[in-house]
Structure formats: structure tokens, C-alpha cells
Trainee: 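Can you read through this structure? Questions will come right after.
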Amino acid sequence: MSAILTCSHVSMKYDTAHAVRNVSFEVNDGDYLCIVGENGSGKSTLMKVLLGLLKPAGGKVAFHGFKQIQIGYLPQQTPIQQDFPASVFEVVLSGCLSRHPFPFYTRKDRQMAKDNLTRLGADGFMRKSYRDLSGGQQQRVLLARALCATEKLLLLDEPVTGLDPVMANGLCQLLDTLNKQGLTIIMISHDINSAVKYGNKILHMQTKPLFYGATSDYLKSEIGMRMIGGERGA
Amino acid sequence: MVSAVPDMFNELFSYPFVVKALIVGTLVALCAALLGVSLVLKRYSMIGDGLSHVGFGTLAIAMSLDLAPLEVSIPLVLAAAFLLLRLSENSKIKGDAAIAVISSSALATGVIIISMTTGMNADVCNYMFGTILAMKDSDLYLSVGVSVVVLILYAIFYNKIFTVTFDEGFAKATGTKTAIYNILIAFLTALVIVIGMRMMGAMLISALIIFPPLSAMRFFKSFKSVVICSAVLSVVCFFIGIVFSFQLNTPAGASVVVINLMAFLLFSVLSYIKKKV
């Protein structure tokens, strides 16, 4: 197992308050890392640092064997996209733009977009309009776009938020399959139960890391037991 | 009656100022519609409106100092485009309120400058509501040049413009310099507004940016079809509007806007019927 991403002592400040304090972790090829924590715990800020959208105030993020812009990013949906007139194929194809310096698509790009839609079982609505799809279908389309942008690492920002349980479960299983096919995944999640079910590593943060390690150790740790117990009790 | 239509067009094209106005207007309508798709989808419509008011202010300055209107307006409106874009991206200040403040201030300043120098004459009315008589040869060349630049840049960066419009976060994360494309869109919009403003009028030019994309979005579902429909619709509406204005002796800019409004209503009804069937 080789590390493809190392995050060492990353800190991030907004004005004077720390949003992320001294977070370190390592992602190996084939890992499924779930970053969990409450709202405002710095998960999203950390993710922006990983993507290079924010510069860390301290510490360093290093990539091994690929570039930062080759992360397949699945962002949260924006209000603009709800009524956006775009065909599914146009959206997926736009994931290929980072593969080359010129702003045009090649035949290979088109094939790749089709293949990735097929891989996710979404080729049926290739010609449909993005705005006419259900929430779960839209997530699949955005996932196919992320797959076009990466060969190694997917970074998912709360991918199941807003989906009904059936769709959320379907998406989780899809991600699990992709992970078993060799894709490394980092997922930011509220959902502790599915995080421990699918992830092999957990980073639990509350501005600073509260736990980082293997999922099996998390389940035995005090904080892990409290979180899982709390979820069950609720 | 059969020969009435060709006769009308023969008469129309026999006036050089009409031909000039048609060339400039068609190009401006085309460029405005293309840029409008991104502006409307990115919720930047107010920038177009703000820029046209700033444009009026700059025309007033040019007139009072007896300078060439386009040469004064272009740099000032470009600067305003940069400022407005920064304001609307800054979530700390209420972006739309800031734009409204700037546009009304520019308008007020323009009116004061005019009243202190030339007074409220016919020229001022032309600046506000447009005239197709304003086209000089130098305006024609500049307009054609700028429109060609806009069309070429749009064609080259079409895919980038799509991804920046659809999902700025993803575009940025995958290495697209989104700030540059936002500025590009704002600058091209500023150029189109300045060029179209003399003909359409400072108060009416933003309709050319907003109406065609809105109408196209009612009916079409992919980005490419919306862009194409918006461009075609804009040119057709412009042409009908000018013919209409020529036949009925109505102001050109206002006629084009009214035709755009009718197209919008027609598309709305059609999309409603399509949903019901």
C-alpha cells in the first residue's frame, strides 16, 4: 500500500478563529476515508484545502502520483443547478476539460463520458435534461462527471444529503463498488452509520481531529462507541 | 399586395443608415444573447442592467466634454464591469443592493452633468431610448470589430464558459481559472452594452441580454440548444423590431424590446401547452 495523499498539520483560519486545527492524515491507494463531524466542525474547509480552493494557513497537503486538479470532486448541488438547462451528456463531458490544456473535447473524451455513464448505470438518461432528473439521478450524473476528471481519487461532499433512504442506499452501494474496483475515496459525511459500514478509515473532527485511524479501532474507541450508541439511541 | 413585402424591404435597404443599423444591431443582438445565457443562469442579470446605467453616465461625460462617446464609454464601463463583478461575488455586502446603488448613482450623475452643460435636449432622449440614426462609419467599424472578437472568444471558450456557468466549484477544483472566465464574460458584456447602447438606448439595452435566453430556456433543455435558440431568436426579434419601427414610425429600441417580450410570452405559452399535452 502506498500513500497517494498526505495531509500534515494542516490549519486554517477564518479571520481569527480556527476552522481547522492541526489535522494530519494519510490516504493510501484503495482507501475509503470518511471524514465525519458536526456542522461547523471544519470538514468543508478541510475539503476546500484538499481541492486547492483555499490555501492552508499552516501545514501542507502533498499528492503522490497525480496532481491536485485530478481529484474527482462531487460537490454539493447549488441552487443554480436546479433549473439549469443542460443535457446529462453536456454535464458529464465537462468533467473531461481538466484532462488537456485546450478547451475542446476529443473523441476519446466523448467515449469516456459515455463509458462512465454506463459504469454507473446512468446511460439511459444520457440525452435527458439534467433539471428533469430526480435527486438521486442527478447525483449519479455528477458522479460520472467526477469519474471523467479522475483516475485515482474521488472526493465527495455529503453525497447523500437530500436523498431519500432508498436512493441514498443505492448511491452508497455504487460508491462501495467503485472503491472495490480500485478507486480511492474520501467522503465527507453526516451519516456515521454508513461511514463505519463502508469506510476503512475514519477521521472524526471538531476543528481539531478527535479520532483518526482504522474503522475497527474507531468502533472500539470511546468517541466511536458514543457516536454509534447515540445514533442507535436516537 | 404580393409586391408590398419586397417593396418594403427595397425601401428599407435603400437608406444607408438603416443598413448600418441592421449590421450593427444584428451583431449586437447575437453577442448579447450568447453572453446573456451565462449571465441569466449565473444570476448576474443585474450586472447587465447596472452596466447600461453606468454607460449612460459615461455618455453624458463624453457629451459635456465634447469627446467621442464610444472612446470614453468603453474604458469606463469596463472598469465598472470589473467592480460590479467583484461586488456581486462578495457575499459580505449585499451584491444586488450594491449594484442598484451604483447604477442609480451613475444615472443621477449623468443627468446632473447634462443639465449643467447641454441641457435636456433631443440627444439626451436618444441616449436614453436609442436611435438608429446615430451610427457613424467609425461606430460601424468599431462595432463590427468588437462583435467579431466577442464571437471568436465565445466560440473558443464555449466549453469553459459552460462549466464555469454550471458549477463554478467543480470547475475551479479541476483547474479551470474561473475568475478569468468571469471577468471575460463581464468585459465582453460591457463591450456589447456600450456598442448596443446608442441604438437600443441605455434604458433598454439590458433587455437584449436577458429576454432571448429567458425565452429559450422556457422551451429548450440542453445548454447548446438554449444558446443557439437564444442567438437566433435575438437576431429575428431585432430584425422584426426594426421593420416594425420603420413601418409604424415607432422608436427602434423600444420596438425591439416589445417584440422580445412577445416572443417570451409566446414561448411561455408554448412550454405550458407542451407540459399539459
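A, B, ... follow the sequence lines: proteins, then strands. Residue 1 opens every chain.
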Trainee: Tell me, do B/Leu87 and B/Ile102 make a side-chain contact under 4.5 Å, heavy atoms counted?
Mentor: yes

Trainee: Suppose we call two aromatic rings close when their centres sit under 6.0 Å apart. Are A/Phe84 and B/Phe166 close by that rule?
Mentor: yes

Trainee: Mind checking the OG-CZ spacing from B/Ser255 to B/Phe244? Nearest 0.5 Å is all I need.
Mentor: 6.0 Å

Trainee: Please flag which part of A/Ala86 lies under 4.5 Å from any non-hydrogen atom of chain B: side chain, backbone, both or neither.
Mentor: both

Trainee: Between chain B and each of A/Thr78, A/Asp132, A/Ile71, count heavy-atom pairs under 4.5 Å; write down the option with the most.
Mentor: A/Asp132

Trainee: Relative to chain B, which segment of A/Phe89 carries a heavy atom at a distance below 4.5 Å: side chain, backbone, both, or neither?
Mentor: neither

Trainee: Output the option from A/Gly52, A/Pro85, A/Gly72, A/Ser98 having the highest count of non-hydrogen pairs under 4.5 Å with chain B.
Mentor: A/Pro85

Trainee: Contact part of A/Leu93 toward chain B, heavy-atom cut-off under 4.5 Å: side chain, backbone, both or neither?
Mentor: neither

Trainee: With a 4.5 angstrom heavy-atom cut-off, is it the side chain or the backbone of A/Arg145 that approaches chain B, or both, or neither?
Mentor: both

Trainee: Name the region of A/Val88, side chain, backbone, both or neither, that has any atom closer than 4.5 Å to a heavy atom of chain B.
Mentor: neither

Trainee: Looking at B/Arg43 and A/Asp83, does any basic side-chain N land under 4.0 Å from a carboxylate oxygen?
Mentor: yes

Trainee: Evaluate salt bridge (Lys or Arg N to Asp or Glu O under 4.0 Å) for A/Lys43 paired with A/Glu158, printing each intermediate quantity in order.
Mentor: CA-CA 10 Å; A/Lys43 293 178 304 210; A/Glu158 312 246 2; 3.5 Å; yes

Trainee: Check each atom of A/Phe104 against the heavy atoms of chain B and say whether the ones under 4.5 Å are side chain, backbone, both or neither.
Mentor: both

Trainee: Is the shortest side-chain heavy-atom distance between B/Leu84 and B/Tyr44 below 4.5 Å?
Mentor: no

Trainee: Would you mind checking which part of A/Ile80 comes under 4.5 Å of any heavy atom in chain B, side chain (CB onward), backbone (N, CA, C, O), both or neither?
Mentor: both

